[in-house]
Number of protein chains: 2
Amino acid sequence: MTLADHSFATLPLAEDRAAMIRDHLRDAIVDRRLAPGTKLNEAEVGTLFDVSRTVVRAALQALAFEGLVKTERNRGAFVANPTPEEARQVFASRRLIEPGIARAAAERITSSEIATFRERLHEESRLIGERGPSARRAEIHASGDFHLLLASVAGNAILLRFMEELVARSSLVIALYGRSGASSCGHNDHGNILASLEQGDGEQAASLLLTHIDHIEADLDLRQTGNLPLREALGSGSF
Amino acid sequence: MTLADHSFATLPLAEDRAAMIRDHLRDAIVDRRLAPGTKLNEAEVGTLFDVSRTVVRAALQALAFEGLVKTERNRGAFVANPTPEEARQVFASRRLIEPGIARAAAERITSSEIATFRERLHEESRLIGERGPSARRAEIHASGDFHLLLASVAGNAILLRFMEELVARSSLVIALYGRSGASSCGHNDHGNILASLEQGDGEQAASLLLTHIDHIEADLDLRQTGNLPLREALGSGSF
DNA sequence: CGCGCCAAAATTGTATGCAATCTTAGGCGT
DNA sequence: ACGCCTAAGATTGCATACAATTTTGGCGCG
């Protein structure tokens with residue numbers, strides 16, 4: 001497993017060790033190096049990062065708050081395995097919150113922020129062209145980052161945190177229920193949204209964002225599988 | 001201090017001790033028995049509830065995540081002291097989320113839930129008539145409970161959790177910046193909102209909720225006091 | 001009298017030990 | 001062979017011990 005030493009340079013690093021471990025684990029979950037349902041053994045994670053279980057527990061508790069990890073008393077922590085109903089709620093929440101964020105962002109966005117957006121979008125489209133699991137991960141990450149960047153431009157720290165949680169959980173949902181696997185299959189939704197923001201048209205940005213979320217959710221297969229817990233144990237593979 | 005033994009009967013109790021302590025502390029913060037800025041000493045809280053610091057730290061971390069407590073490294077945990085800007089963000093978030101919750105609730109509310117609402121509203125209005133700090137606390141609590149009940153009717157667990165955080169933080173904000181001290185000064189907003197819900201008029205409920213939030217925020221004095229941290233140390237009193 | 005410095009006390013951060021609980025493997029009876 | 005029971009092993013929950021850091025109180029000096 002490559003959790004501890006995966007891109008040390010880009011992450012917060014070293015002031016608060018629990019936060020560092022939390023961020024590494026979150027990254028691993030969000031870009032799907034850790035599959036839903038994976039057991040997160042405290043001692044194992046501790047060895048991996050060279051800290052005691054105390055610190056690991058703090059990190060796992062934080063991830064449990066964000067809904068990325070589920071803890072069961074006396075059984076431990078597992079990467080979350082959202083049900084179709086939870087998946088629907090994630091997207092219902094995003095539909096409620098993100099249009100408002102888009103309106104706020106349209107009013108506040110600066111030209112330097114627009115430039116940042118452009119950079120990211122360019123990077124994102126480059127990744128879509130590439131192949132391989134590493135590029136796929138980066139693409140997933142970049143796609144989520146667009147929404148987080150939008151939220152940060154909106155200037156509300158509380159909503160930004162809510163969006164961080166929702167975007168992360170969306171990644172889990174797509175991993176579980178996505179049909180094509182990729183969240184951005186052919187559309188250029190992000191680019192169109194940015195264009196609306198540039199023109200200061202918050203309403204259009206909000207509207208485009210809403211249909212963008214619809215696009216993402218349309219790629220999901222959220223039919224109830226009769227929520228048999230044994231199904232997940234079988235790995236949902238061919239056999 | 002009366003934290004540990006304050007209404008044992010009404011709270012979760014004893015399955016998970018960290019959760020119990022977290023809930024007791026949250027209650028104490030929300031109905032203002034613990035003032036903003038109060039230091040929460042781990043050993044002290046632990047003695048109070050007869051648990052080790054390990055458990056206390058878990059509870060404090062949970063409250064920190066909800067924004068009710070601020071932790072500073074190597075300095076400890078304090079009851080949050082939201083700035084005017086944070087206060088504005090709390091209410092901006094509520095304005096974004098609660099109308100959507102009202103629309104969802106209007107579509108899903110059952111007659112038994114309406115009955116529950118009526119009960120609570122009756123209780124709430126009774127408390128408004130009473131005097132004394134204890135009744136005041138109960139009134140504050142009941143006022144927040146209305147919004148949480150609404151969120152639970154809406155049927156989205158994620159949004160419910162967001163609202164729990166926002167309502168709790170609102171209480172802190174009102175404690176700090178409220179002019180009249182009471183959040184419901186003469187209005188019968190809650191009753192009108194319930195009436196709209198009964199008629200299945202989600203749009204009107206959403207609209208009334210929005211003006212209700214405006215009423216609450218209008219009672220605040222969010223002028224910048226030049227955010228000198230020394231000011232809070234002086235207690236903002238006459239000297 | 002005020003100010004800065006230093007040591008003692010207090011408090012938090014982390015590791016570790018132990019008890020409680022869950023999991024697993026093996027044996028036994030049917 | 002199958003299921004059930006039990007005991008050993010593994011894992012979590014919690015308390016405690018110790019290290020690191022901050023806070024406090026006092027002392028001397030200007």
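Note that this is a predicted model, so its numbers are computed, not measured. Residue numbering restarts at 1 for every chain, and letters A, B, ... go by the order of the sequence lines.
Taking atom CG on Asp16(A) and atom P on dA20(D), their separation rounds to 17 Å, with Å as the unit. Between Met20(B) atom CE and dC14(D) atom P there is a gap of 11 Å when expressed in whole angstrom units. Between Phe49(A) atom CZ and dA15(C) atom P the separation is 14 Å, expressed in whole Å.
Ring orientation note: the planes of His212(A) and His147(A) are close to parallel, at an angle under 30° on the 30°/60° scale.
Taking the side chain as every heavy atom from C-beta outward, Leu159(A) and Gln89(B) never approach each other to under 4.5 Å.
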Are there any protein N/O atoms within less than 3.5 Å of an N/O atom in nucleotides 7-13 of chain D, and if so, which ones and at what distance?
| unit_1 | atom_1 | unit_2 | atom_2 | d |
| --- | --- | --- | --- | --- |
| dT11(D) | OP1 | Asn41(A) | ND2 | 3.4 |
| dG13(D) | OP1 | Asn74(A) | N | 3.3 |
| dG13(D) | OP2 | Arg57(A) | NH1 | 2.5 |
| dG13(D) | OP2 | Arg57(A) | NH2 | 2.8 |
| dG13(D) | O3' | Arg73(A) | NH2 | 3.4 |
| dG13(D) | N7 | Arg53(A) | NH2 | 3.1 |
| dG13(D) | O6 | Arg53(A) | NH1 | 3.4 |

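Here Ser52(A) reaches the OP1 or OP2 of dA15(C): one of its side-chain N or O atoms lies under 4.0 Å away.
Put simply, the side chain of Glu86(A) gets close to the backbone of Thr83(A): a donor and an acceptor are under 3.5 Å apart. A donor-acceptor contact shorter than 3.5 Å is absent between the side chain of Arg94(B) and the backbone of Val167(B).
Put simply, the residue from Leu150(B), Asn156(B), Ile158(B), Ile97(B) that forms a side-chain contact (heavy atoms from CB on, under 4.5 Å) with Met163(B) is Ile97(B).
In this structure, Asp145(A) CG and Phe117(A) CZ are separated by 10.5 Å, a value rounded to the nearest 0.5 Å.
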